[in-house]
Visitor: 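Take this structure first; my questions come after.
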Amino acid sequence: MTSTSSETRPFRAADLGTLVLMAFSGEAPDGDMPYLLAYTLGDGEGGPEGSTAAVVELLRNNGLSVGEQIVDGARHPSLPLTLLVEAGQAVVNMPYFNAQCTVPPEWLAAIGERGYAYFLFATRPWPEAEPGKPVAPESLTAFAGDEEVLNSAAHALLPARSLRG
């Protein structure tokens, strides 16, 4: 008799590659929206395909689906994904992903108005957007607005928390 193993391979953070967090704001029908974009450079041990698979696994392990569904963090308090905004920085935390980035003043104004940010975690690598290097607005729009990127990403509304409460 042959049996199939139900054992799953343990998650390996090294497969994710370099993860990046970027903040920007954009016009929405009801005012400016603060966005946070997380992505991999695709430089994990398995290359771009391995990084994509690892990001998908990371998202699913943390209760985020890939596709067009938006998870509202305010309605799902058990979601293991948090946003801290403090001293001009946005800090996103979830198991195997802790990242922070400096946010522009217009982003801070938008999050002050809304109380939350639109978080997009792309599963498709973006190796051209390396940390510490400026990203042209056209390049950001082309990547973050690409239908393939949007349809293969996790989407969440993250309530902003601060150390001051």
Visitor: As a quick check of understanding, evaluate salt bridge (charged side-chain N to carboxylate O under 4.0 Å, His left out) for Glu45 and Arg12, giving each step before the final call.
Guide: CA-CA 10 Å; Glu45 292 179 7; Arg12 292 174 12 101; 2.2 Å; yes
Visitor: Identify the two heavy atoms, one from Ala23 and one from Pro104, that lie closest to each other, and give their separation to 0.1 Å.
Guide: O-CD, 4.1 Å
Visitor: Of the non-hydrogen atoms in Ala90 and Trp107, which two are nearest, and what is the gap between them?
Guide: CB-CH2, 3.9 Å
Visitor: Any sub-3.5 Å donor-acceptor pair from Ser139's side-chain atoms to Val135's backbone N or O?
Guide: no
Visitor: Could you check whether Asp146 pairs with Arg124 (Lys NZ or Arg NE/NH1/NH2 to Asp/Glu carboxylate O, under 4.0 Å)?
Guide: yes
Visitor: From Asn93 CG over to Leu81 CG, what is the distance, rounded to the nearest 0.5 angstrom?
Guide: 8.5 Å
Visitor: Please say whether more than 12 non-hydrogen atoms of neighbouring residues, nucleotides or ligands are located less than 6.0 Å from CD in Glu113.
Guide: no
Visitor: Can Arg60 and Glu57 be counted as an ion pair, charged N to O under 4.0 angstrom?
Guide: no
Visitor: Using side-chain heavy atoms (C-beta onward) and a distance below 4.5 Å, is Asn62 in contact with Leu79?
Guide: no
Visitor: Could you tell me which non-hydrogen atom of Ser152 sits nearest to which non-hydrogen atom of Thr123, and how far apart they are?
Guide: O-OG1, 2.5 Å
Visitor: Taking side chain to side chain contact (heavy atoms under 4.5 Å, CB included) as the criterion, tell me which of Val85, Ile111, Val103, Leu108 meets it with Pro34.
Guide: Ile111
Visitor: Shortest non-hydrogen contact from Val20 to Pro131?
Guide: CG2-CG, 3.7 Å
Visitor: Please name the residue in the list Phe97, Tyr96, Tyr35 that meets the ring pair (Phe, Tyr, Trp, His ring centres under 6.0 Å) test with Phe121.
Guide: Phe97
Visitor: So, the side chain of His155 versus the backbone of Val71: is there a donor-acceptor pair under 3.5 Å, distance only?
Guide: no
Visitor: Is a donor from one side chain sitting under 3.5 angstrom from an acceptor on the other, for Thr102 and Gln89?
Guide: yes
Visitor: Distance-only, no hydrogens or angles: does the Arg114 side chain make a donor-acceptor pair with backbone N or O of Gly31 under 3.5 Å?
Guide: yes
Visitor: Work out which heavy atom in Ala144 is nearest to a heavy atom in Leu120; give both atom names and the distance.
Guide: O-CD2, 4.3 Å
Visitor: If the threshold is 4.0 Å, N to carboxylate O, is there a salt bridge linking Glu86 and Arg161?
Guide: no
Visitor: Quick check: do Phe24 and Leu37 have side-chain heavy atoms less than 4.5 Å from each other?
Guide: yes
Visitor: Strictly distance-based, threshold 3.5 Å: is any side-chain N or O of Ser51 a donor or acceptor partner for the main-chain N or O of Thr40?
Guide: no
Visitor: Please determine whether side-chain hydrogen bond (donor to acceptor under 3.5 Å, both in side chains) holds for the pair Asp32 and Ser25, giving the CA-CA distance in whole Å, both sets of side-chain angles, and the decisive distance to 0.1 Å.
Guide: CA-CA 6 Å; Asp32 280 351; Ser25 60; 4.8 Å; no
Visitor: Would you check, one step at a time, whether the test side chain to side chain contact (heavy atoms under 4.5 Å, CB included) holds for Leu21 with Leu19?
Guide: CA-CA 7 Å; Leu21 181 67; Leu19 294 175; over 6 Å; no
